[in-house]
Each structure stands twice: as C-alpha cells, then as structure tokens.
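Labels below follow one simple rule: chain letters A, B, ... track the order of the sequence lines, proteins then strands, and each chain is numbered from 1.
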2 protein chains.
Amino acid sequence: MPKHRYAIGVDFGTESGRAVLVDVANGKEVATSVYRYRNGVIDEVLPTPGRPIRLEPDWALQDPEDYIRTFKRTIPDLLKKTGVGPEDVIGVGTDFTACTMMPVRADGTPLCTLPEFRRNPHAWVKLWKHHAAQPEADKINATARSMGEPWLSRYGGKISSEWFFAKTLQILDEAPEIYNAADRLIEGADWVVWELTGVETRNSCTAGYKAMWSKRDGFPADRFFAALDPRLEQVIDTKMTRAIRSLGECAGELSPQAARWTGLRPGTAVSIGNVDAHVSVPAATVIRPGQMVMIMGTSICHMVLGQEEQSVEGMCGVVEDGIIPGLFGFEAGQSGVGDIFAWFVDACVPPEYHHAARKSKVDLHRQLELEAAMLKPGETGLLALDWWNGNRSILVNVDLTGLLVGATLSTRAPEIYRALIESTAFGTRVIIEAFERNRVSVNELVACGGLPEKNRLLMQIYADVTGREIKVTASQQTPALGSAMFAAVAAGREAGGYDTILDAAQRMARLQEKTYKPCEGNRKAYDQLFGEYTRLYDYFGRGQNDVMKHLKSLRQEVLSAKVS
Amino acid sequence: MPKHRYAIGVDFGTESGRAVLVDVANGKEVATSVYRYRNGVIDEVLPTPGRPIRLEPDWALQDPEDYIRTFKRTIPDLLKKTGVGPEDVIGVGTDFTACTMMPVRADGTPLCTLPEFRRNPHAWVKLWKHHAAQPEADKINATARSMGEPWLSRYGGKISSEWFFAKTLQILDEAPEIYNAADRLIEGADWVVWELTGVETRNSCTAGYKAMWSKRDGFPADRFFAALDPRLEQVIDTKMTRAIRSLGECAGELSPQAARWTGLRPGTAVSIGNVDAHVSVPAATVIRPGQMVMIMGTSICHMVLGQEEQSVEGMCGVVEDGIIPGLFGFEAGQSGVGDIFAWFVDACVPPEYHHAARKSKVDLHRQLELEAAMLKPGETGLLALDWWNGNRSILVNVDLTGLLVGATLSTRAPEIYRALIESTAFGTRVIIEAFERNRVSVNELVACGGLPEKNRLLMQIYADVTGREIKVTASQQTPALGSAMFAAVAAGREAGGYDTILDAAQRMARLQEKTYKPCEGNRKAYDQLFGEYTRLYDYFGRGQNDVMKHLKSLRQEVLSAKVS
C-alpha cells in the first residue's frame with residue numbers, strides 16, 4: 001500500500017481562517033481547523049490602546065497579525081489531531097478574500113504593526129468590503145473612460161470601489177504619509193505567501209481581477225496613473241511589480257520561521273496566492289470551457305471558463321490564467337442572494353411561522369422552504385426584482401433596490417419567500433444569457449457554498465429557471481480544498497503531487513451524486529415569469545424609470561437634513 | 001325647558017345592525033344598541049336544515065329575517081335603556097349596505113322564506129360583496145358600450161359586478177325559476193322601509209348609484225334590457241318601479257305590525273331608504289358643493305357634492321339627488337385601505353414588534369404607527385402602489401395588485417407600514433385631482449369611519465399629501481346619526497323635526513375641534529413622491545405593462561390545473 005501524502009489548504013475568510021488537511025491521492029479531507037480572528041472585521045474602532053480611533057462609515061479593516069495567528073493555530077492543530085507527520089505534508093496552499101490589501105515595508109512588515117503608524121487607519125489592511133473609496137473609484141472610471149482605456153471593457157465597463165487602485169488612491173488622498181512610507185502595496189493573498197516563504201510574489205488572479213492587469217497588456221500605462229494623480233505615476237514599478245506569477249506555480253519553500261510557526265518542514269512547497277472564489281473552481285471539478293461554478297451564499301459569484309476573451313455586459317472581470325492556467329476566467333456576480341432571504345426571515349415573517357418552526361424543530365428558513373415547496377411556479381402571483389443589495393451583474397448599479405409586485409390581501413409569507421428565491425434565480429439566468437449572447441457558453445452548472453446544502457427548493461428552482469442540471473460539490477469547504485489542490489501542484493508529481501491543476505482536479509475534486517435536474521413541467525411558467533422579470537429589469541434598471549435612484553437620493557437628503 | 005324629541009336611526013351593516021336614539025334638537029346620541037346578525041354573511045353553506053347547500057366561490061348572501069330581528073331587538077332596547085317614551089320618538093330612518101338586493105313576492109315576502117325556494121341560493125339576499133356576477137357585469141358593459149348608452153359615462157365607464165342588474169341577470173341566467181317567481185326585485189334599503197310602513201317605495205340613492213337610474217333620464221331603455229336578455233325587457237315595469245322617491249321624503253307611517261316589533265307608536269314617520277355611505281354625508285356636516293366626505297375604513301368611499309353633472313374618470317357614479325336633494329352627488333372609492341394595513345399587520349410583522357406592543361400595552365397597529373411617526377416623508381426610501389385589493393377609482397380594475405419598490409436589506413416593518421399608509425394617501429390624491437380636472441371642486445375634506453379615530457399619523461399624512469385640512473366628524477356612528485337626521489326630516493318641523501336635511505345638518509351634525517392641517521415642511525417630499533407614484537400608477541395601471549394582470553391569470557391557470 002502506497003504511503004499517504006497530504007497537502008494543506010488555508011482559506012482566509014472575513015471572520016476566520018480555516019485550514020484543511022487533504023489526502024493528495026483522493027482529495028479526502030482528513031481534518032479541519034478553524035481560527036476565529038481575534039480582531040475580526042474592524043469597522044468601528046481600531047484595536048489600539050489609549051484614546052479610541054473611530055472609523056468613518058463604510059470602513060472595514062483587518063489585522064494582519066490575525067493571518068499569522070491562523071497559521072500558528074490551525075496547522076499544528078491539524079497535525080496533532082491526525083497524527084500526520086510533517087514529512088508527509090508535501091505542500092501548503094492559501095486563498096484569500098480580495099481585494100484585501102495593505103501597505104508594508106520592503107521586508108513585508110505591515111505598517112500597522114509599527115508604533116509610528118499603528119494609530120493611523122490607513123496603515124491597516126483594507127478588507128474587501130471596505131466601501132469608503134467610492135469617490136476614488138468614480139475618478140478611476142471617469143478618467144479611464146475619458147482616456148479610452150481599453151482594459152475597462154474587461155470589467156464590464158466599471159471598476160469597483162472595492163478594488164486595488166481605488167483603495168490605493170484613497171490612501172494617497174487621505175494619508176499621503178502612509179502612501180509614502182509604504183515600500184510595497186500588496187494583496188493579503190500575496191502577503192501571506194510572502195510570510196510563508198520569505199519571498200515576495202504576485203498572483204495573476206488578484207492582479208487580473210482587482211488590479212487591471214492582463215497577461216497580454218500588463219497593467220494600465222503609467223500615464224493613466226499619472227492622470228489619476230501625478231504621485232501615482234510610478235506606482236507599479238515602485239510599490240508593486242510587473243512580474244505576475246501564474247496560478248499553480250510554486251511560490252517558494254516554507255521558510256525556517258514559518259516552519260516553526262506551523263510545525264511543518266522547512267522547504268515544504270508553497271503555492272502562489274489565490275482568491276477564495278477562484279480557487280474553488282477546480283475544487284468544484286470545473287476545468288473546461290463551458291462550465292460555470294456558482295458560489296452560493298449571501299451573494300453569488302459566477303465563474304465560467306472560456307477559450308477566448310469576450311466582452312460581456314456587466315461582468316466583474318475576465319482574466320487570462322485568472323482561474324485555470326491556459327484559459328480565460330470570466331467572473332460575474334449577484335450582490336444579494338442569501339442575505340435577501342435572511343432579511344426576509346428577520347424582518348417580515350409573522351409569529352405564526354416562528355411557532356410552526358419551533359414546533360417542527362426546524363429553523364425558520366426551512367419552515368418557509370417546506371411551505372413554499374408546496375406551491376407551483378406561478379401560484380404565488382408574485383414577482384420580485386432581487387435588488388435589495390443593488391445589482392452587480394449585469395447592471396452594475398448599487399442604487400437599485402428591491403421590488404415586489406403582485407401582492408394581494410391573501411398573500412402570505414411562504415409565497416413571498418418563494419418569489420424572492422425565484423427572483424434570484426432569474427438574476428442568475430440573466431447572467432447566463434449575457435454570457436451566452438457574447439459567445440461564452442454555459443453548458444454545465446456546478447454549485448458550491450452554503451446555500452446548496454441549506455435549501456433544496458432553491459436548487460430545484462435554479463435548475464428549473466435556468467433550464468440546466470445543477471451539480472453540487474461534495475466538499476463543504478471548497479476553497480480550502482482548492483488551496484490544498486494547488487499546494488499539491490506546487491509540490492509537483494515527483495514529490496507525490498500533480499503536474500497540473502487539471503490532474504489534481506481529476507483526482508482530488510468530487511461532486512455529490514445528487515444533482516438537480518430541470519423539471520420540464522415547470523418550464524413554461526418560469527419562461528413566462530422570466531419574460532415579465534426581464535421587462536421590469538430593463539424598465540427599472542436601464543434608465544426608463546429611475547424611481548429607485550430617486551427614492552434613494554430623497555432618503556439621503558432627508559437623513560442629512562435630520563442630522564444637521 | 002322644551003320637551004326633548006328623539007329620532008331613531010338604524011344602520012344595517014355587513015355583520016350587524018346598529019340603532020341610535022338621537023336628540024333631535026342637538027344631535028346628541030343618547031343611546032346605541034347593536035344586533036349581531038344570527039346568520040351573518042352567508043358565504044359557505046345556506047343556513048337550512050338537511051343536506052347542506054354549499055355556495056360557489058365569491059358568493060355572499062344574507063338572511064332578511066336578520067333585518068327584522070334587528071328592529072325587534074335594538075329599538076325596544078333603546079327605549080328601555082333610556083326610559084324615552086314612544087311618544088317622544090318622532091321618526092325612524094334607516095340606511096343599508098348597497099347594492100344588497102333580493103327577490104320578493106308582491107306583498108314583500110322574501111322568496112327565501114318560502115319553503116319551496118328556501119334551498120335555492122338565488123332566493124336569498126345577495127349582499128353587496130357577492131362577487132359572482134362578474135360575467136353578467138361584463139355583458140352589461142359590453143352591451144352598453146356597443147349600444148352607445150349615454151348613462152355609462154355617469155359610472156366612470158364601467159358597471160360593477162356588485163350592482164343591481166348584474167345580480168338580477170345572474171338570477172335570470174342561473175335560476176330563471178326564481179326570476180319568474182319574484183314579483184319584485186328590491187334593494188334591502190327599500191325592503192326594510194316596506195317592512196316598517198307596509199308600503200313599497202324606492203329611493204333615489206340606490207336607484208341612481210346601483211341601478212343606472214337618473215332623475216332626468218330614468219332607467220336605461222327597455223330595448224337595452226332586451227338586448228341583455230329578451231326576458232329582461234320589462235324588468236323595470238314588472239319587477240321594479242319608475243316612481244323613484246327623493247332622499248329626505250317621508251316613506252310613510254310605522255305600521256301596526258312594525259309598531260309591535262319596535263315598541264314605537266303606529267304612525268311614527270319613516271324616512272325613504274338610504275345607503276350607509278351616502279347617509280353619512282350630511283351627518284358629517286357636508287351639504288354644500290366643493291365639500292368631500294371620506295368614509296375611511298377597510299376601504300375609502302369619497303363623496304363630493306356638485307352643482308352640475310360632470311363626467312369624471314373612474315368615479316363610481318354621479319347621481320342627482322343621490323346624497324343631498326338638489327345637488328349632484330359624486331362617488332369615488334379606493335377598494336383597499338384599512339384592509340391593506342390589516343393584511344400587513346397580520347402577514348408581515350415579525351415577533352419583535354408584537355413583543356414591543358405587548359410591553360407598551362398598545363395594539364400592533366399603534367406600535368407601528370408610533371415607530372413610523374418618527375420617520376420623515378421620504379425617509380423610508382419606499383414607495384407602494386396601494387392595489388392589494390385592486391383599484392376602484394380611477395382605474396376601475398380588479399386585476400391590479402400591490403407593488404412595493406425601494407426595499408433594501410435594512411428596510412424594517414414600520415417603514416413599510418408608513419409607505420403603505422402613504423400609498424393610500426396618494427390614491428386619495430389621484431381621486432381628488434381627477435375630480436378637480438373635471439370641474440368638480442374639492443375644497444374641504446371631512447373624514448369619518450373607523451380609521452380617523454385609530455390612526456393620527458395616517459390622518460396627518462392624508463392632510464400633507466392632499467395639501468388640505470381634514471376635519472373629522474364628532475360621531476362614532478355617522479351612518480346611524482345620518483339616518484336619524486333623515487328621520488327628523490321625514491317627521492317634519494311641525495312634529496318637532498326639520499323641513500330639510502340642510503336644517504337637520506346644521507343642528508344635529510357636529511365635527512371634532514381637532515383637525516389635521518397640512519404641514520408645509522412635508523409638502524416638497526410628498527409632491528416628489530406623488531410624482532413617482534403617478535408615474536408607476538400610469539405605467540402599471542394604464543396598459544403600458546400588464547404584468548399584474550399576467551401574474552393573476554398565470555396564478556388562476558396554475559390553481560385550476562392543480563384542482564383538476
């Protein structure tokens with residue numbers, strides 16, 4: 001019997017870091033260990049002693065020491081729990097939220113760990129959901145449009161305030177002393193790899209999706225950055241690098257220091273940094289053009305592989321080598337899905353359903369799902385636009401809001417719950433159709449994330465509405481598994497790993513047997529409802545009636561007047 | 001000190017009959033007595049022994065014996081409670097729901113009381129909210145349009161399925177034996193007067209608003225009825241009468257039999273029948289052109305007086321002498337108001353507000369009102385179309401449904417509650433503007449009904465949205481007071497009553513001191529919101545996007561397929 005070889009994947013999330021120990025031969029997840037960040041999401045006050053430093057609205061920071069603590073706590077825990085020896089761990093891989101970025105010294109020391117900068121919010125890690133750089137994003141978009149920058153179309157025509165240069169520009173605008181003190185500006189995804197290996201590398205996924213880099217054209221030209229701000233002209237060459245490494249490459253070997261943190265052997269292979277969503281794609285068995293992964297949770301991230309670059313309305317980005325080396329990775333997304341259902345359950349469900357759920361010993365989502373499942377498509381008489389949290393793809397408009405039509409005096413909570421689920425399925429269908437209209441085929445759907453496990457009705461509705469069979473990943477922690485797969489690739493076949501991520505996917509990634517097949521009998525009603533949805537989508541989303549925007553700005557006016 | 005004289009008003013409602021004893025000199029309501037109908041609204045099974053006779057959906061019947069029991073129980077109770085002697089009661093007046101009609105023998109005996117017809121649903125009283133005559137209403141409308149009938153414009157271009165000839169035609173279609181056996185077809189409003197006096201009379205209010213009669217043109221021509229059905233050609237002359245009596249006239253004297261039922265003296269004056277909404281107008285002090293009464297409850301009935309006949313889009317009807325003799329009474333309405341709030345409170349409010357209400361010892365409406373009152377106009381970010389129960393005026397479309405736009409993940413119940421209230425206020429403003437566009441002035445608003453007492457926030461919002469001061473009637477039972485006022489007019493000045501309803505109104509009707517004045521600071525936001533409301537109103541209500549109708553018919557299809 002051959003000796004077992006293992007790889008470790010570490011998934012850096014929003015509230016915690018999660019490590020899994022995976023059997024390289026078959027992808028079996030042998031053990032898991034989670035570290036909940038001590039300082040979590042920092043969105044009110046900096047975790048510094050003395051007079052409290054309060055943050056502005058829309059800020060969201062993290063503490064880089066939480067990432068190091070994740071390594072120190074979880075990896076030794078995995079070895080201890082399983083008795084696996086460090087000599088049998090062939091590689092470590094990581095994935096990260098993105099864009100989550102920070103200013104550091106030339107040796108990688110985060111500015112926020114230095115006493116002179118510790119009380120400056122801009123010295124800390126800006127988390128993906130830091131939303132305070134909207135003016136800077138607006139400036140980037142306006143400048144790019146006026147200069148006719150060709151890369152803008154790769155991002156559906158709009159750069160998000162969450163992305164790298166919006167955050168960078170905010171630092172420069174509001175804290176030039178931090179910008180100047182930063183020898184490097186770096187994604188968390190790359191920083192943790194640097195901490196493991198002692199070598200600075202940059203990955204093609206965050207560079208491509210968050211920093212406007214492409215394999216063929218590199219970064220935007222210096223004159224573009226100069227147009228944003230003369231001080232930014234040399235940002236790439238002085239604080240970043242043009243040497244972007246492809247996913248699946250080996251970043252380096254585990255440093256002696258990192259070996260002490262983790263209990264692994266110095267020299268263990270470490271893979272290039274990656275992003276949580278994107279690393280999940282091969283872990284969901286998706287390695288070929290025409291396959292789409294849906295990461296379904298509070299929101300949905302849609303990723304499709306293609307052989308050619310195409311411009312697709314309202315997608316988040318297309319990056320060559322951004323997901324699977326050798327292919328173009330297309331990303332799109334819905335900004336509100338699970339969180340709309342959570343809102344409904346929290347804000348709109350009367351006591352009778354709470355009682356019923358308690359009586360049946362199920363949670364309220366499940367209670368509503370069971371009642372909603374007894375309805376046929378079209379039976380609710382309701383239709384919603386799933387814009388409670390704005391619309392990411394394909395309209396890219398945060399000012400859009402939720403709409404429900406069709407309510408009568410006999411409308412009940414399970415009907416609204418079902419209509420909300422249906423509306424998010426229609427939102428996914430709009431995205432799929434936008435891809436297909438632009439020659440990016442979507443033949444197969446694979447779902448992962450929290451929702452597929454929680455709500456079978458939802459999965460069936462998605463299959464019915466999209467007219468496509470949906471497969472579901474076997475792993476409950478797809479990103480960490482994906483990171484372990486990339487670790488096995490970084491280690492290489494000779495060390496007991498794999499030559500390519502395709503090989504790793506074939507051996508280590510698995511799907512559940514249960515799939516969701518479209519029910520032919522539901523097709524007609526959903527096609528009709530989708531037609532109605534599309535008409536409302538265009539009417540409210542494409543400028544024919546900007547009532548949502550008007551209501552939002554009136555609300556802002558009223559709130560401002562109330563405060564002053 | 002002059003001797004006190006009293007009048008009795010009896011208000012026949014949907015679930016009960018209510019009598020008040022009123023001091024004729026000053027309108028003081030000395031005592032009230034309510035009889036809850038034994039058989040209530042009959043909408044499932046006839047109250048007959050033996051094998052149950054089940055009713056079709058949308059049926060709603062009443063038992064005429066409940067009306068007689070109302071007289072027998074309440075009037076003796078009033079006299080007993082107060083010690084007022086029958087010699088001091090100068091008149092009895094009544095008002096009724098409408099159109100509430102029944103087939104009777106030549107002597108007034110309802111067919112449903114005869115053994116041979118008791119088990120036939122068509123022999124019973126068809127209550128106003130019997131909605132099973134829609135096909136017949138459609139036929140009346142189509143026929144009237146094709147024949148170019150001039151009276152159609154007096155009813156906003158559409159006859160309701162609730163009205164007299166729709167119900168009559170349904171009897172003829174489905175139970176010709178009942179139609180043939182009916183010597184008379186009569187409104188409940190007129191039948192109870194017949195029972196009190198022994199004399200058949202017909203009032204101008206129900207004839208005008210429910211049976212297409214007008215003072216100048218009479219009923220539609222026989223050839224119109226013949227076009228509907230040859231058997232209907234002579235319906236007016238054989239089963240009704242062309243002798244329509246004006247409101248405020250004396251119908252006759254109390255018969256010996258009715259005197260025995262009530263404990264009043266034979267010969268006591270009885271006024272001509274009237275309708276609950278319309279009889280409330282003078283009781284709300286409204287007797288002049290330009291004044292509008294809003295009866296605000298589950299729905300709102302709007303009544304305005306004018307000096308000339310005008311055609312107003314989507315009004316329910318205009319009738320000369322229909323409310324106040326000598327004036328044109330215009331009626332419009334909103335089909336859902338209080339019942340939308342009741343729906344919301346019942347179907348959409350999570351437990352935390354139930355807890356808060358219990359803790360504060362207020363009902364849930366009040367709890368939400370208090371929280372919603374802390375918001376400024378525009379602050380909710382929400383806008384609704386108040387069509388949960390369709391739209392009566394000015395679109396006259398039962399297929400319209402409710403819409404809510406502007407929801408976000410932070411939307412909470414009091415915000416939706418406020419948006420719903422605002423939407424009904426916008427609905428009233430649409431009606432007022434339709435009147436004013438057509439030269440029917442609306443200078444003054446007087447509110448009565450249940451809502452003004454229950455919800456101050458709502459009243460203030462109506463004042464702000466309409467830009468008009470709103471007065472509120474002092475009486476809690478405006479219809480019964482109005483009936484007592486007409487009773488005093490029927491008795492006449494010599495008997496201690498009044499010559500005209502105008503005189504009676506000046507002495508017997510009162511308003512509260514508290515009024516609701518528009519708040520200038522709220523005007524701008526509401527004008528803006530009303531602009532948005534109007535745009536959605538036209539888009540969804542006037543055929544640009546028939547999604548509401550489509551959702552309703554899809555729902556019907558699905559439900560039918562489910563049953564079969």
Side-chain angles (χ1 to χ4, degrees), chain A residues 336 339-340 342-343 345-352 354-355 375-385 387-390 401-413 416 525 528-529 531-533 535-536 539-540 544-548 550-552 554-559 561-562, chain B residues 336 339-340 342-343 345-352 354-355 375-385 387-390 401-413 416 525 528-529 531-533 535-536 539-540 544-548 550-552 554-559 561-562:
Chain A
D339 54 6
I340 299 180
W343 166 82
V345 159
D346 186 45
C348 302
V349 179
E352 61 189 284
H354 292 257
H355 295 323
L375 303 166
K376 294 267 176 206
E379 187 176 345
T380 66
L382 298 170
L383 183 62
L385 287 177
W387 299 345
W388 266 251
N389 198 24
T401 52
L403 178 142
L404 181 74
V405 60
T408 72
L409 296 174
S410 56
T411 297
R412 289 295 171 271
I416 303 177
Q528 188 183 336
L529 287 170
E532 302 289 350
Y533 174 89
R535 196 155 170 215
L536 293 175
Y539 179 70
F540 287 105
Q544 283 182 72
N545 187 334
D546 280 338
V547 57
M548 293 168 180
H550 300 161
L551 291 172
K552 260 207 170 170
L554 176 61
R555 178 167 194 265
Q556 281 310 325
E557 265 175 54
V558 172
L559 287 175
K562 218 172 179 178
Chain B
D339 54 5
I340 299 180
W343 167 82
V345 159
D346 186 45
C348 301
V349 179
E352 60 189 285
H354 292 258
H355 296 322
L375 303 166
K376 294 268 177 205
E379 187 175 344
T380 65
L382 298 171
L383 183 62
L385 287 176
W387 299 345
W388 266 250
N389 198 23
T401 52
L403 177 141
L404 181 74
V405 60
T408 71
L409 297 174
S410 56
T411 297
R412 289 295 172 270
I416 303 177
Q528 188 182 335
L529 288 170
E532 302 289 350
Y533 174 90
R535 198 157 169 215
L536 293 175
Y539 179 70
F540 287 105
Q544 283 182 73
N545 187 334
D546 281 337
V547 57
M548 293 168 179
H550 301 161
L551 291 172
K552 260 209 169 171
L554 175 60
R555 178 167 195 265
Q556 280 310 324
E557 265 175 53
V558 172
L559 287 175
K562 219 171 177 178

- Is it the backbone or the side chain of A:Q556 that comes under 4.5 Å from a heavy atom of chain B, or both, or neither? neither
- Query: For the atom pair CG (A:L529) and NE2 (B:H550), what is the distance rounded to the nearest 0.5 Å?
  - Reply: 11.5 Å
- Task: Find the distance between CD (A:E532) and CG (B:N545) and round it off to the nearest 0.5 Å.
- Result: 6.5 Å
- Task: May I ask you to name which of B:E352, B:E557, B:K552, B:R412 has the most heavy-atom pairs under 4.5 Å with chain A?
- Result: B:R412
- Message: For the interface with chain A, which of B:P350, B:A342, B:G336, B:G531 has the highest count of heavy-atom pairs at distances below 4.5 Å?
- Response: B:P350
- Query: Counting only N and O atoms by type, is there a donor-acceptor contact under 3.5 Å from the side chain of B:W343 to the main-chain atoms of A:A407?
  - Reply: no
- For chain A, find which of B:D346, B:I416, B:L385, B:L375 contributes the most heavy-atom pairs closer than 4.5 angstrom. B:D346
- Parallel, tilted or perpendicular: which fits the ring planes of A:Y539 and B:Y539, with parallel below 30° and perpendicular above 60°? parallel
- Message: Looking only at heavy atoms and a cut-off of under 4.5 Å, which of A:M548, A:K562, A:Q528 has the most pairs with chain B?
- Response: A:K562
- Query: Which atoms of A:T380 come close to chain B, meaning under 4.5 Å heavy atom to heavy atom: side chain ones, backbone ones, both, or neither?
  - Reply: backbone
- Flag the one option from A:V405, A:L409, A:V547, A:L554 with the top tally of heavy-atom pairs under 4.5 Å to chain B. A:L409
- Which bit of B:H354 is near chain A, if near means a heavy-atom gap under 4.5 Å: side chain, backbone, both or neither? side chain
- Message: Is A:E379 in contact with chain B via its backbone, its side chain, both, or neither, using a 4.5 Å heavy-atom distance?
- Response: both
- Between A:R535 and B:D546, is there a salt bridge with N-O shorter than 4.0 Å? no
- Among B:L403, B:T408, B:V558, which has the most heavy-atom pairs under 4.5 Å with chain A? B:T408
- Tell me, out of B:G406, B:S410, B:A413, B:P377, who's got the most heavy-atom pairs with chain A below 4.5 Å. B:G406
